[in-house]
Colleague: 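I have a structure here, written as structure tokens, and I will follow up with some questions on it.
Note on naming: letters A, B, ... go to the chains in the order of the sequence lines (proteins, then strands), and numbering restarts at 1 for each one.
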Protein chains: 2
Amino acid sequence: MNTRPPTLEEVAQRAGVSTGTVSRVINNARHVSDKSRRAVQSAITELGYVPNTAARSLATARRGAVVLVISSDDPALFANLFFAEVITGVNAVLEETDLQLMLLLAASARGRERFAKVLQSRGADGVMLLALKENDPLSKMAEDSGLPAVHGGRSLDRPPQWYVDADNRGGARAAVEHLIASGRRNIATITGELDTHAGMSRFMGFREATVLAGLSDARVAHGDFSETSGAAGMKLLLDDHPDLDAVFVASDAMATGALSVLRERGKRVPEDVAVVGFNDIVTAQHTRPALTTVRQPIEALGREMTRMLLRLLNGERPTSLILPTELVVRDSA
Amino acid sequence: MNTRPPTLEEVAQRAGVSTGTVSRVINNARHVSDKSRRAVQSAITELGYVPNTAARSLATARRGAVVLVISSDDPALFANLFFAEVITGVNAVLEETDLQLMLLLAASARGRERFAKVLQSRGADGVMLLALKENDPLSKMAEDSGLPAVHGGRSLDRPPQWYVDADNRGGARAAVEHLIASGRRNIATITGELDTHAGMSRFMGFREATVLAGLSDARVAHGDFSETSGAAGMKLLLDDHPDLDAVFVASDAMATGALSVLRERGKRVPEDVAVVGFNDIVTAQHTRPALTTVRQPIEALGREMTRMLLRLLNGERPTSLILPTELVVRDSA
DNA sequence: TACAGTCCTGTAAGCGCTAACAGCCCCACC
DNA sequence: GGTGGGGCTGTTAGCGCTTACAGGACTGTA
């Protein structure tokens, strides 16, 4: 549709210097006189020259892009705006560089193939992986490729070398300590899937807080993070431990389920039973009563993953990060 | 970290053919004997060869990527999972091709600069633009670049050549007709910003439905899509038109505000006043009562934008699309 | 047998950039 | 006045692929 964009060579001609010099100016390398530099710069603006990414990539073997891979097809991942917030964080850091962001949803087999292609064809300089399940093949693929890779979250089996994660354990502990501080003594929990790092960590946090306070950690029901499993867990707990006066629920979705069971059973929240959730999903403030919960710093997760990847690309060896969580006190506890 | 990936030339050597032939096999062009083809294919799998994207881009002047640009920094855009859904749709279509998705948040000045760079450096083969405001500079930038560009949504001033939009007018009309069908006669509306295409279309839909039914279209309050403006609008309406028995609200956020005002004023929903929103944001099903609203096909929007862009890249001239909306009947009307 | 027409294949010239290399000039120092 | 060492610059060989172009090997036809 358009005329061909100007090339570096044309800039060189117009500026009356060689291509080498133009290249030096563009990459602001040393050994360029002020005179040449000025000549080149004005030639560049006059021509509206912008370096061709492909040519540069080919010559430098650097791609100028990183890829963010989202593995989970779990709609719950989206339900708390996780996705949008992570990307906002990633973008904020990348804006300061000249790296582009590529996005890949790799839940399907086709998506995994495409990821493999990107890896093999060196289509990106680095990888950020999000929402992997246990033993997710993507993790191994990334590792095998030899590209710098940063993970969001950890898996239980084999923690990745570089990751950023939220402090699930500390968050859970803070939640339970809040319950204790408000006078609760018979505290129960509904756990998430214990074969996930997050699920297990939140459970450990619960145990830590109760045991440290000299309370029982025996009121436990196991869920899978879903709303229905939260409801089921709450029923079990009420049947087995009718004396409970508080419950720490390992996800807001489960907490929503728990709240409706409590309502059915005629328990007042928080008077009879206090409830704390985890995640601060968008609907948490719209439940009745509004849900007290633990918020994860999701945008910061995106930011820090990106910063870590940049360091890796830069040849440094950063250390993995655990980001603090925050207790959001509303009405349910 | 790794040994250099195999090149096309190495494949050629191993297969005992020339690089030209290998290239033909890869791009499955004609004029390759079965024998050569097989030889090449097995060499490829043995070596684990994947074409280098940068080299191919340089040679073909095609980038193998399209960019999705999100302009708005409005968190409301995210609040209904708009973002995630669009991307899911885009990704679904892109998966069938070998195009990669680049993502750019271009709300900031820096973001706009980066967008310009992508455009100028031919960093992508095509563009999808989302959530533009009126007179958004991005729109003009895309146009000037000459790259194929598809818009999600329209602006009032100058509709883009290729766009996909939701049927705001039809959705509004269906909402109001639902109110009429359930016996309401004194129907009000709270509009969105009337300098946006969506805001104006929804208002037009309201007027169309009321006028066609021989009802008054005079009960109007103006809002800006936000929750507080919805509350303010509802107050005005109740003051000016105490006889109203239904209200069509041009966004769910505003509807949420309206609901709380109605509650304050002791109006029962839907008995005294029926309420219909627009967007079907995630919280709509958690309001009290659950909000009847108009759902936009957001994932389909992403899909269709992408399909349209593919056609454009393919040299065809598709026609712009208006996607149907759907009334989701819950408890508020 | 000669000829044109098909297929297939190899060769090589780019695509637009970077970076190593080699020169040049100029200055400082002895 | 000779020597050495910078700083600057031009030249050029790639980076790994695609794609004319120019054959060569066949086939079918005259």
Colleague: Side-chain contact, heavy-atom cut-off 4.5 Å: B/Ser23 with B/Leu8?
Modeller: yes
Colleague: Within this structure, what is the CG-to-C1' distance between A/Leu58 and D/dA13, rounded to whole angstrom?
Modeller: 13 Å
Colleague: Take B/Ser18 and A/Leu8, find for each the nucleotide of DNA chain C with the closest heavy atom, and name the residue whose nucleotide sits nearer the 5' end.
Modeller: B/Ser18
Colleague: Using a 4.0 Å cut-off on heavy atoms, which residues in residues 45-55 of chain B reach DNA chain D? List them by number, or say none.
Modeller: B/Tyr49, B/Pro51, B/Asn52, B/Ala55
Colleague: Tell me: NE2 of A/His31 to P of D/dG6, nearest whole Å?
Modeller: 11 Å
Colleague: How would you label the contact of A/Thr19 with the nucleic acid (heavy atoms, under 4.0 Å): base, sugar-phosphate, or nothing?
Modeller: base
Colleague: For D/dG10, take OP1 and OP2 only and decide whether either is under 4.0 Å from a side-chain N or O of A/Thr21.
Modeller: yes
Colleague: Let's test your reading of the model: under 3.5 Å, does the base of D/dG10 pair with the side chain of A/Arg24 as donor and acceptor?
Modeller: yes
Colleague: Do B/Leu310 and B/Glu96 come close enough that some side-chain heavy atom pair is under 4.5 Å?
Modeller: no
Colleague: Salt bridge between B/Glu10 and B/Arg4, side-chain N to carboxylate O under 4.0 Å?
Modeller: yes
Colleague: Are side-chain heavy atoms of A/Arg158 and A/Glu143 found at a separation under 4.5 Å?
Modeller: yes
Colleague: How close do A/Met141 and A/Arg112 get, heavy atom to heavy atom, and via which atoms?
Modeller: CE-O, 3.5 Å
Colleague: Which atom pair, heavy atoms only, marks the closest approach of A/Leu129 to A/Ala149?
Modeller: CD1-CB, 4.2 Å
Colleague: Measure CZ/A/Arg56 against P/D/dG16 and give the value in whole Å, please.
Modeller: 18 Å
Colleague: At under 4.0 Å between heavy atoms, what does A/Thr60 touch on the DNA or RNA strands: base, sugar-phosphate, or nothing?
Modeller: sugar-phosphate
Colleague: What range of DNA chain C does chain A touch, first nucleotide to last, counting atoms under 4.0 Å from its heavy atoms?
Modeller: C/dG16 to C/dA20
Colleague: What are the two closest non-hydrogen atoms of B/Ser155 and B/Pro160, and how far apart are they?
Modeller: N-CD, 4.4 Å
Colleague: Between B/Arg63 (CZ) and D/dT18 (C1'), how many Å, whole number?
Modeller: 14 Å
Colleague: Return the minimal non-hydrogen interatomic distance between A/Leu58 and B/Ala54, and the atom names on each side.
Modeller: N-CB, 3.9 Å
Colleague: For D/dT9, does OP1 or OP2 lie under 4.0 Å from any side-chain N or O of A/Ser36?
Modeller: yes
Colleague: Is there a donor-acceptor pair under 3.5 Å between the side chain of A/Arg110 and the backbone N or O of B/Glu95?
Modeller: yes
Colleague: How close or far is atom C1' of D/dT9 from atom CG of A/Asp34, stated in whole angstroms?
Modeller: 15 Å
Colleague: D/dG7, OP1 or OP2 - any side-chain N/O from A/Ser33 closer than 4.0 Å?
Modeller: no
